[in-house]
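Notes to accompany the following structure.
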Amino acid sequence: MTLALSSDELLSTTRAVRHRLDLTRPVARQLLEECVDLAVQAPTGRNRRRRHFVIVTDPQRRAALADLWRAGVNTPGASAPVPLRDLRRADVAHMDRVFSGAAHLYEHLQEVPALVVPCVEGRTDEAPVLHQAGTWGSILPAVWSFMLAARAHGLGTCWTTGNLVHEKQTARFLGIPCSEVMQTALIPVAYTLGTDFRPARRIPREEVLHWDEW
């Protein structure tokens, strides 16, 4: 199923989906592969095609990966307090739903049909900003393209990072060469319960747009 969305609709309604992931409907391998095919069309830094996608669909392996993710979420200090400046910009009226969505995902992550761990060759541990920008710039566009492709096919996704707290353990479990390859996220993927997503309320353009200088 491909949704009849314009490019503007696709870009403005690809939401972080947690509550509305359909935990009962399998996602075909071919569909996930098509999303990856579109993802790798994204540009890379200096034409370095270093991105990888580890997709876990086996129920037992999903459960084990979800446990590692939860262990990371539960690690003291893993979630820093939200700075006041971020709270000021947040849509406070919807924060309760954000927190309840996170709690829902925490409880049901192992039931999500596919868990995707995007990775990139090259580590940025203590690297200068220039090196970090080049490495992350070679994976983030691909991951966003994957999420957009998923939305276009009626699938929901969200960016999570609990696995990164115990990255080495997760790497051993998934067979990722951790000294050379960096995990960047864990993305649940499932069909959505309904497809009627709307643009989110955001802060005024004037607060994020700077002309010629800050």
Task: Rounded distance (nearest 0.5 Å) linking atom CG of Leu174 with atom CG of Leu68 - done: 8.0 Å
TODO: List the atom of Glu121, the atom of His52, and the distance in Å for their closest heavy-atom pair.
DONE: OE2-NE2, 2.7 Å
- [ ] Treating Ile, Leu, Val, Met, Phe, Trp and Tyr as nodes and any side-chain heavy-atom pair under 4.5 angstrom as an edge, say whether Met147 and Val40 lie in one connected cluster.
- [x] yes
- [ ] Could you tell me whether the side chain of Gln110 and the main chain of Ala64 form a donor-acceptor pair under 3.5 Å?
- [x] no
Open item on the list: Working note: Thr170 + Val117, criterion side chain to side chain contact (heavy atoms under 4.5 Å, CB included); need CA distance, chi angles, decisive distance, verdict.
Closed with: CA-CA 10 Å; Thr170 306; Val117 180; 5.5 Å; no
Task: Pair Ser100, His19: side-chain N/O donor-acceptor within cut-off below 3.5 Å - done: yes
TODO: To the nearest 0.5 Å, tell me how far Arg25 CZ sits from Leu193 CG.
DONE: 10.0 Å
TODO: For His131 and Arg123, indicate whether the former's side chain and the latter's backbone hold a donor-acceptor pair under 3.5 Å.
DONE: yes
Open item on the list: Looking at every non-hydrogen atom in both residues, tell me the closest pair between Cys158 and Arg18 and how far apart they are.
Closed with: SG-CG, 4.0 Å
Open item on the list: Side-chain heavy atoms nearer than 4.5 Å, only ILVMFWY residues, links allowed to pass through others: does that put Val27 and Phe53 together?
Closed with: yes
Task: cation_pi(Arg20, Phe197) dist<6.0 Å, angle<=45 - done: yes
Open item on the list: Given 3.5 Å as the limit, does a donor-acceptor pair link the side chain of Thr161 with the main chain of Leu164, or not?
Closed with: no
Open item on the list: According to a hydrophobic-cluster definition based on side-chain heavy atoms being under 4.5 Å apart (Ile, Leu, Val, Met, Phe, Trp, Tyr only), do Val54 and Val36 belong together?
Closed with: no
Open item on the list: Determine whether a donor-acceptor pair (N or O, by modelled atom type, separation under 3.5 Å) exists between the side chain of Gln132 and the backbone of Thr124.
Closed with: no
Open item on the list: Side chains of Asp22 and Thr24: any donor to acceptor distance under 3.5 Å?
Closed with: yes
TODO: Could you check whether the rings of His210 and Trp214 sit parallel, tilted or perpendicular, using 30° and 60° as the cut-offs?
DONE: parallel
Open item on the list: Please check if the number of heavy atoms outside Leu130 that lie under 6.0 Å from its CG is greater than 12.
Closed with: no
Task: Under-4.0 Å salt bridge between Arg70 and Glu107 - done: no
Open item on the list: Return the CG to CG distance between Leu109 and Leu115, rounded to the nearest 0.5 Å.
Closed with: 5.0 Å
Task: Separation between OG1 of Thr135 and CG of Leu140, rounded to the nearest 0.5 Å - done: 10.5 Å
Open item on the list: Quick check for you: to the nearest 0.5 Å, what is the distance between Cys35 atom SG and Ile187 atom CD1?
Closed with: 11.0 Å
- [ ] Looking only at non-hydrogen atoms, find the nearest pair between Leu21 and Pro188 and report the distance.
- [x] CD1-CB, 4.1 Å
- [ ] Taking Arg202 for its side chain and Pro199 for its backbone only, find out whether a donor-acceptor pair lies under 3.5 Å.
- [x] no
TODO: Quick one: do Thr192 and Leu155 satisfy side chain to side chain contact (heavy atoms under 4.5 Å, CB included)? Show the steps, please.
DONE: CA-CA 5 Å; Thr192 57; Leu155 302 171; 5.9 Å; no
Task: Leu38 to Ser145 - nearest heavy-atom pair and separation - done: O-CB, 4.2 Å
TODO: Could you pull out the closest heavy-atom pair between Asn163 and Thr160, with the gap in Å?
DONE: OD1-O, 4.1 Å
TODO: Say whether Leu10 and Trp159 are linked into one hydrophobic cluster, either directly or through other cluster members, by side-chain heavy-atom distances under 4.5 angstrom.
DONE: yes
- [ ] Taking the side chain as every heavy atom from C-beta outward, state whether Thr184 and Val120 have any atom pair closer than 4.5 Å.
- [x] yes
Open item on the list: Using a 6.0 Å cut-off, check whether atom CG of Asp212 has over 12 heavy atoms from anything other than its own residue.
Closed with: no
TODO: Report the distance from atom CD of Gln183 to atom CD1 of Ile176, rounding to the nearest 0.5 Å.
DONE: 4.0 Å
- [ ] Indicate, with yes or no, if Val143 and Leu148 share a hydrophobic cluster defined by side-chain heavy-atom contacts under 4.5 Å among Ile, Leu, Val, Met, Phe, Trp and Tyr.
- [x] yes
- [ ] Show your reasoning for whether side chain to side chain donor-acceptor pair (under 3.5 Å) applies to Arg151 and Thr13.
- [x] CA-CA 8 Å; Arg151 163 67 173 147; Thr13 64; 3.0 Å; yes
TODO: Would you please name every residue forming a side-chain contact (heavy atoms from CB on, under 4.5 Å) with Pro59, sequence neighbours left out?
DONE: Arg62
Task: Flag, side chain of Arg61 to backbone of Phe173, donor-acceptor distance under 3.5 Å - done: yes
Task: Whether Tyr106 and Trp69 hold their rings parallel, tilted or perpendicular, with breakpoints at 30° and 60° - done: tilted
TODO: Assess the side chains of Ser138 and Arg51: does a donor N or O sit below 3.5 Å from an acceptor N or O?
DONE: no
Open item on the list: side chain to side chain contact (heavy atoms under 4.5 Å, CB included), that's the test. Do Val116 and Leu186 meet it? Break it down for me.
Closed with: CA-CA 6 Å; Val116 179; Leu186 186 151; over 6 Å; no
Open item on the list: If you compare all heavy atoms of Ile139 against all heavy atoms of Pro118, which two are closest, and at what distance to 0.1 Å?
Closed with: CD1-CB, 4.3 Å
